[in-house]
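See below for the structure under consideration.
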Number of protein chains: 2
Amino acid sequence: MVQKKRPTLYDVAKQANVSIATVSNVLNNKDEASEETIKRVNEVIKQIGYSRNESARSLKRGESKLIGLIVPDNNPFFTEILDGIQQECEYYDWQVVVANSEESEKRQNQLIELLSAQQVSGIILAPVSETLSTTKIKENAPIVLIDREVENVKLPVIKADNIDGCYKATKKLLKNGHKRIGLILASPGISTTVQRKQGYVEALSSQNIQIDEELIQFGGNYTGTKAQINGGYQAVMRMMNLPSPPTAIFATNHLLMIGALKAIKEQNLSIPKDISFIGFDDHPWQEISSPKLTIVSQPAFEMGRQAIHALHKLKTKDEVITASLPLKLIIRESCGTV
Amino acid sequence: MVQKKRPTLYDVAKQANVSIATVSNVLNNKDEASEETIKRVNEVIKQIGYSRNESARSLKRGESKLIGLIVPDNNPFFTEILDGIQQECEYYDWQVVVANSEESEKRQNQLIELLSAQQVSGIILAPVSETLSTTKIKENAPIVLIDREVENVKLPVIKADNIDGCYKATKKLLKNGHKRIGLILASPGISTTVQRKQGYVEALSSQNIQIDEELIQFGGNYTGTKAQINGGYQAVMRMMNLPSPPTAIFATNHLLMIGALKAIKEQNLSIPKDISFIGFDDHPWQEISSPKLTIVSQPAFEMGRQAIHALHKLKTKDEVITASLPLKLIIRESCGTV
DNA sequence: CTCCTTTACTTAAACGTTTAAGTAAGTTAT
DNA sequence: ATAACTTACTTAAACGTTTAAGTAAAGGAG
């Protein structure tokens, strides 16, 4: 594995008969060199295949061209966020280092430090807990929250308008005549869960329907794809064993939805004839599912883009942007009457 | 956005009454300090919350703790690979910067340089073309190929045994009595396509069945999820319009499969009654699909892990590991008789 | 008690940038 | 004609590590 040594500023400077400072200035478009010199330097750069040693640059500037992304898992939702982040990073000439907190707060905090040690320009964080240690925020890279918020610190946050999205979905089921609507939520400890529940509750309240806590089931206390799917499955099973089971079910994330649908199928219930259903997140396979699923769709890609934008604003103008992007209720067959 | 300055080796050294060299040695477990000093230094480190400036370290060592991952898109297959890579990187204390080549060779080559400029320890690359510029390999970070191989250079490669996997799948369809089997492939320019076709051809040849080129359709000349799905869709449409259409279809990647299934559905054909089907890649939603899909399953997570392992071996022992991991044919309902 | 080794350090240079400060020549203002 | 400014550079220090080379003290061998 003999790797050729990369040329440095010195090599360029020597060849172009200027000092390294001049080369550096040309590289950074500092406009302090003559047209001629700029041309000559650029030619040498191309000729000997020079490119910057970013470690050296980061050391001097105290900041690298990397930004960190910390997600709790690599499910398709976060992958789509990553996609948006990557696209927007293109513009700012940033690159993304991705880390997986596995829904563990301890790991999350370690990762923040690891990334800061890399001198990242900033961190996009989908936090796993309801609060965030303030020293973490003061002493490390600038942080923008994505998807989920925390209570104790004021940070930029790009999220979905979960309350409104779930309000709309629940309203739709109510409009279709349902009074007993089962709600399947992920783990209680994150803001999305709280807000999704709130949307549901507000919708029921708006029709003066009493909340039945037995119809609200948590299915996401576990981590991992299989466990989450199982959580959705078990949640439905519990509901259907109630003396008065729900006539409609709303599953508030993708994996919970898959588990829920599995349980419904096993119970030999037909959607939407026997039970109505609304799920979460739109993915390609839903084009071929039957019945076609009514779902709440999140603008994940756009969230990724805006998070990077918010990070840039935070860094350059100290502006704390927070955005709550609208969720779209995509009405298809599974919720009954369209 | 006033970010507190991170403490340096000097700060630790001063507090612990030693030189920075000693602190560095303690940090790197160089075992040249007394028990007492080690303890004292570690205490100070914890107390003032010191962690290394990785840019400085990378500059001095000529190598960072980052590894680059270049994928052509962020589809679930590559996400699972990323998962495996992240897990294995944990062990080597590496972090992953992900880049998306968007199936463009030009972009891929730019990314290799960008990552090398970051002094990455190595690059895991899913190449977009059949060859790779040799200067790229000589002058940049060590590269391990994943999923796809290239012809002109000898690099470690961790791939799936596509020939065997597709041979088995085709054989299964033949065993179930099919003679006219439609094959849907991605773009012609990558090794996986070539090998998947080869497996199919070998299976047919083993039964002395003549290859009908009209039954081999490329659906993946386009980039992007929608385009790929459409490619699968169009491929089926073309096949079904043949004078003598296939009685079975084998779609050799996930998105092509979804498009193919969509077309089959639209043609009002029932699987497996009217047409048999085998697809590619197992994902959670398939638990609730009907009919249950017979698919060729790739060990993506394991490929990611092994790629990192191969990279490490390449770096430490100059060993060029290549592995061709077995594909599993998971037989369910869609291919007819089980 | 000398010499040699080992232990436990310290000193100082180097990695490849960026940038503040300096300079020399040319241009403009008065 | 001289001062003041501008242009186009150069010099040198600094960022925070790692590491080769040096050193001083302690321990052991002869």
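Letters go in sequence order (proteins before strands), and every chain restarts at 1.
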Under a plain distance cut-off of 3.5 Å, with no hydrogens placed, do A:S191 and A:E149 share a side-chain donor-acceptor pair? no

May I have all residue pairs that pass ring pair (Phe, Tyr, Trp, His ring centres under 6.0 Å) and include part of residues 94-144 of chain B, sequence neighbours excluded? B:Y92-B:W94

Which pairs with one or both residues in residues 40-85 of chain A pass ring pair (Phe, Tyr, Trp, His ring centres under 6.0 Å), sequence neighbours excluded? none

Residues in contact with DNA chain C, drawn from residues 35-44 of chain B - heavy-atom cutoff 4.0 Å: B:T37

May I ask you to say whether A:K315 pairs ionically with A:E63, meaning some side-chain N is under 4.0 Å from a carboxylate O? yes

Between CG of B:N29 and P of D:dT18 the distance, given in whole Å, is 11 Å

Looking just at side-chain N and O atoms, do A:E90 and A:Q86 make a donor-acceptor pair shorter than 3.5 Å? no

Going by salt bridge (charged side-chain N to carboxylate O under 4.0 Å, His left out), name the pairs with one or both residues in residues 6-27 of chain B, residues two or more places apart or in two chains. none

Whole-Å distance separating the CD atom of B:Q119 from the P atom of C:dG16: 9 Å

Separation of A:Q118 atom CD from D:dC15 atom P, in whole Å? 21 Å

Atom CD of B:E63 and atom P of C:dA14: how far apart are they, to the nearest Å? 22 Å

N or O in side chain of A:S24 less than 4.0 angstrom from C:dT18 OP1/OP2: yes

Taking only residues two or more places apart in sequence or in another chain, which ones pass side chain to side chain donor-acceptor pair (under 3.5 Å) with A:K60? none

Stretch residues 45-57 of chain A: residues that reach within less than 4.0 Å of DNA chain D through a heavy atom: none

Applied to residues 112-126 of chain B, the salt bridge (charged side-chain N to carboxylate O under 4.0 Å, His left out) test, sequence neighbours excluded, yields B:E113-B:K136

Is there any protein nitrogen or oxygen under 3.5 Å from a nitrogen or oxygen in nucleotides 10-13 of chain C, and what are the pairs?
unit_1, atom_1, unit_2, atom_2, d
C:dT10, OP1, B:S19, N, 3.3
C:dT10, OP2, B:S19, N, 2.7
C:dT10, OP2, B:S19, OG, 2.7
C:dT10, OP2, B:T22, OG1, 2.6

Quick one: is A:K30 getting a side-chain N or O under 4.0 Å of the C:dT17 phosphate, OP1 or OP2? no

4.5 Å side-chain heavy-atom contact, A:K65 and B:Q118: yes

Is a donor from one side chain sitting under 3.5 angstrom from an acceptor on the other, for B:T131 and B:E151? no

Starting from P on C:dT17, measure out to CG on B:L59 and report it in whole angstrom. 9 Å

Mind checking salt bridge (Lys or Arg N to Asp or Glu O under 4.0 Å) for A:E319 and listing every partner two or more places apart, or none if nothing turns up? none

Partners meeting ring pair (Phe, Tyr, Trp, His ring centres under 6.0 Å) with A:Y91 (sequence neighbours left out): none

Residue pairs fulfilling side chain to side chain donor-acceptor pair (under 3.5 Å) with at least one residue in residues 35-48 of chain B, sequence neighbours excluded: B:S34-B:T37

Global bending angle along the helix from C:dC1-D:dG30 to C:dT30-D:dA1, which compares the axes of five pairs at either end, to 10 degrees: 40°

Gap between atoms CZ and P, on A:R61 and C:dC15 respectively (whole Å): 22 Å

